[in-house]
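Order of appearance sets the numbers: ligands from 1, and atoms from 1 within every ligand.
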Amino acid sequence: MHNAAFKVLGLDWVYLAFNVEPQWLPDAVVGIRALGFKGVNVTIPHKEAILPLLDEIDPLAKLIGAVNTVVVKEGKLVGYNTDASGFWRSLKEEGVDPQGKEALVLGAGGAARAVAFTLVERGCSKLYIANRTYNRAQELAEALKEAGPVSIEPLPLEEGPLSTILPEVDLIVNTTSVGMGGKGGELPLRADKLEARHIVYDLVYNPPSTKLLEMARSKGCRAISGLSMLLYQGAEALTLWTGREAPIEVMKQVLEELL
Ligand code: ATR
């Protein structure tokens, strides 16, 4: 989508993907400047680990504790978070208002931080954070105290605790990589605990429909894929790098064709 956007904007730029192993992250970050890049996106599993390696962090990204976009500004590496605004824009587009809703976030990584922060900031009444590694859920719950006066409860990502809270939850957001790339693995959510009133949002965008979303649809729930968040976080990143308005329609068309 970025390459299509660059073309439309008449920029002789290219967007490439690099698979960086965790032990090489510091070297890769040094390379951003050395190679003369305009910026990069940062994704799983580096969104938190990159913070201490940057020169400056935008206040929102600092508050969230995760960076998904880096801009090289006058030789300085500046970290931003466009996941939060991308998530919020996609919620608005879907007509979902978190105000007064109880929400369950699955996962406690970089993407979860942006989502959970947005839900608290936008007035959810209660937030559960369920993660495979329980202490990461606890850490995120603790960090979110700064975002607003909302009751936040960490949970282990297990069938029992999730089944107990589902009757009171309105919105369920999967931020884990379970289902990404069509890979196996299943979330411990029981179909018989889902009700038609649940709104189920899966940040996974590849494939566009996941097992979780199919299960949600089969129970009559509203099911939202990660495609529009992918689009909007990307559009904002593009504006940060280029200073230009993102050609949303072109980017959307490419995403839909590819995915
Ligand atoms: P991102 O920045 O994209 O959120 P991340 O910080 O590496 O990436 O987080 C990935 C999330 O997916 C984490 O919540 C991770 O759980 P752990 O904290 O226990 O690692 C979750 N995750 C990845 N694979 C998983 C799996 N097979 N089952 C459950 N959760 C998984």
Which donor-acceptor pairs under 3.5 Å do side chains of residues 141-149 form with protein atoms, sequence neighbours excluded?
| residue | atom | partner | partner atom | Å |
| --- | --- | --- | --- | --- |
| E142 | OE1 | K145 | NZ | 3.2 |
| E142 | OE2 | K145 | NZ | 3.4 |

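Looking only at side-chain heavy atoms (C-beta outward), M1 and Y15 stay at 4.5 Å or farther from each other. In this structure the side chain of L162 reaches within 4.5 angstrom of the side chain of L157, judged on heavy atoms.
Other residues, nucleotides and ligands contribute over 12 non-hydrogen atoms within 6.0 Å of the CD atom of Q23.
Between the side chain of E159 and the backbone N or O of P188, no donor-acceptor pair lies under 3.5 Å. Checked by atom type and distance alone, the side chain of H2 never pairs as donor or acceptor with a backbone atom of W13 at under 3.5 Å.
For ligand 1, the protein residues placed under 4.0 Å by at least one non-hydrogen atom are I44, P45, K47, E48, G107, A108, G109, G110, A111, N131, R132, T133, R136, L157, T176, S177, V178.
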